[in-house]
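Encoded as structure tokens, the structure appears first; notes follow it.
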Amino acid sequence: MDPISMLFSVYLDSIVNVTHRQLQRSLGTELQAEQIEYGGTVVDFQHQLWQVRHPTVCASQRGNLQAFSECTVAAQALFTELCQSLTQRRNLDAYASRTRTMYCNAAVAFRPTLASISAAGESDALADARRRCNTATAAALGSSDPRRIAEREKACSELSELRAAAGLE
């Protein structure tokens, strides 16, 4: 291949690649991962076709229920703040306009997971059994360890027995 043909080929390839990247960016077809620090919490999520993929929001925190809950609450606040901020801007280009729509849709549709784990205030046998069941359930959450699952089953069956004896079931 002569040098002129090779140079022309490289030039065409670069134009095609730039055009392809610009088209992908404008259509949002490529899966994008984001990590945004908001209020001391790192909110991670993915989006594609200008839609936040809700199951991916705070996916890195799924193993820790308390951290996951805090992250999803921060994510909802982040989506709302980004929507409001982009809505206040004038003369948005097409990319910023689609981004605004994506965050506004997420602010409306995304629901955070609300969870807190704390000790029960009661001090009787039923409260102790409930506390043991809750602790064993939290320990077994997301675990496939047969020992933890058996401990949860035992603790929660004791709670059921106590509740039945007290006439609460």
Side-chain angles (χ1 to χ4, degrees), residues 10-123 127 130-145 148-149 151-152 155-156 159 163 168:
V10 168
Y11 173 74
L12 284 178
D13 282 345
S14 68
I15 288 181
V16 167
N17 286 335
V18 168
T19 304
H20 180 70
R21 279 194 301 274
Q22 287 174 338
L23 184 61
Q24 277 184 321
R25 183 175 184 229
S26 69
L27 295 176
T29 57
E30 200 170 86
L31 182 64
Q32 297 289 321
E34 302 286 343
Q35 280 190 334
I36 301 173
E37 195 272 323
Y38 181 79
T41 302
V42 175
V43 177
D44 59 302
F45 61 94
Q46 295 176 352
H47 61 89
Q48 186 174 30
L49 298 173
W50 300 106
Q51 294 292 318
V52 171
R53 300 179 70 207
H54 295 199
T56 67
V57 176
C58 300
S60 65
Q61 300 291 329
R62 285 207 185 271
N64 181 339
L65 185 60
Q66 189 71 31
F68 179 70
S69 175
E70 291 171 7
C71 181
T72 61
V73 169
Q76 168 129 63
L78 171 68
F79 297 150
T80 300
E81 187 172 314
L82 288 170
C83 171
Q84 290 171 348
S85 174
L86 289 168
T87 299
Q88 292 173 358
R89 291 189 184 170
R90 302 259 185 242
N91 302 325
L92 295 176
D93 63 8
Y95 181 80
S97 178
R98 288 183 182 122
T99 303
R100 178 193 61 210
T101 301
M102 177 180 75
Y103 287 127
C104 290
N105 287 340
V108 170
F110 179 73
R111 294 290 170 245
T113 298
L114 302 176
S116 65
I117 299 173
S118 61
E122 306 159 15
S123 62
R130 182 178 301 114
R131 200 172 299 120
R132 284 190 303 274
C133 178
N134 287 344
T135 301
T137 299
L141 190 66
S143 173
S144 59
D145 182 2
R148 287 189 179 185
I149 294 170
E151 289 172 359
R152 180 193 66 203
C156 292
L159 173 62
R163 288 182 63 111
L168 298 174

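Values below: every heavy atom of this structure, side chains too, minus hydrogens, waters and symmetry copies.
Distance check, rounded to the nearest 0.5 Å: CZ of R130 to OG1 of T135 gives 12.0 Å. In this structure, OG1 on T101 lies 9.0 Å from CG on L92, to the nearest 0.5 angstrom. Here N134 contributes atom CG and R132 contributes atom CZ; the two are 11.0 Å apart, rounded to the nearest 0.5 Å. We find the CZ-OG distance between R89 and S97 to be 12.5 Å, quoted to the nearest 0.5 Å. Taking CG from D145 and CZ from R152, the interatomic distance works out to 11.5 Å, rounded to the nearest 0.5 Å. The CZ atom of F79 sits 7.5 Å away from atom CD1 of I36, with the distance rounded to the nearest 0.5 Å.
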What verdict does the side chain to side chain contact (heavy atoms under 4.5 Å, CB included) test give for V73 and L114, after you've listed the backbone C-alpha separation in whole Å, the side-chain angles of each residue and the deciding distance to 0.1 Å? CA-CA 7 Å; V73 169; L114 302 176; 3.5 Å; yes
What's the verdict on side chain to side chain contact (heavy atoms under 4.5 Å, CB included) for F110 and T72, showing C-alpha distance, side-chain angles and the deciding distance? CA-CA 9 Å; F110 179 73; T72 61; 4.0 Å; yes
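Here the side chain of R111 pairs a donor or acceptor atom with the backbone of V108 at under 3.5 angstrom. When atom types are taken as modelled, the side chain of S85 and the backbone of E81 share no donor-acceptor pair closer than 3.5 angstrom. Formation of a donor-acceptor pair under 3.5 Å by the T56 side chain with backbone atoms of F45 is not found in this model. When atom types are taken as modelled, the side chain of R53 and the backbone of Q46 share no donor-acceptor pair closer than 3.5 angstrom. Between the Q48 side chain and the Q51 main chain, no donor and acceptor come within less than 3.5 Å of each other.
Nearest heavy atom pair, residue T113 against residue S69, reads O-OG, 2.8 Å. Scanning all heavy atoms of the two residues, the minimum distance from P112 to Q76 falls at CD-OE1, 3.0 Å. Between A155 and A136, the shortest heavy-atom distance links the atoms CB-CB, 4.2 Å. Between A77 and Y38 the shortest heavy-atom distance is CB-CE2, 3.6 Å. Looking at every heavy atom in both residues, C133 comes nearest to L159 through CB-CD2, 3.9 Å. T41 and C71 get closest at one heavy-atom pair: CG2-CA, 3.8 Å.
The aromatic rings of W50 and Y95 stand perpendicular to each other, their planes meeting at an angle above 60°, with 30° marking the opposite boundary.
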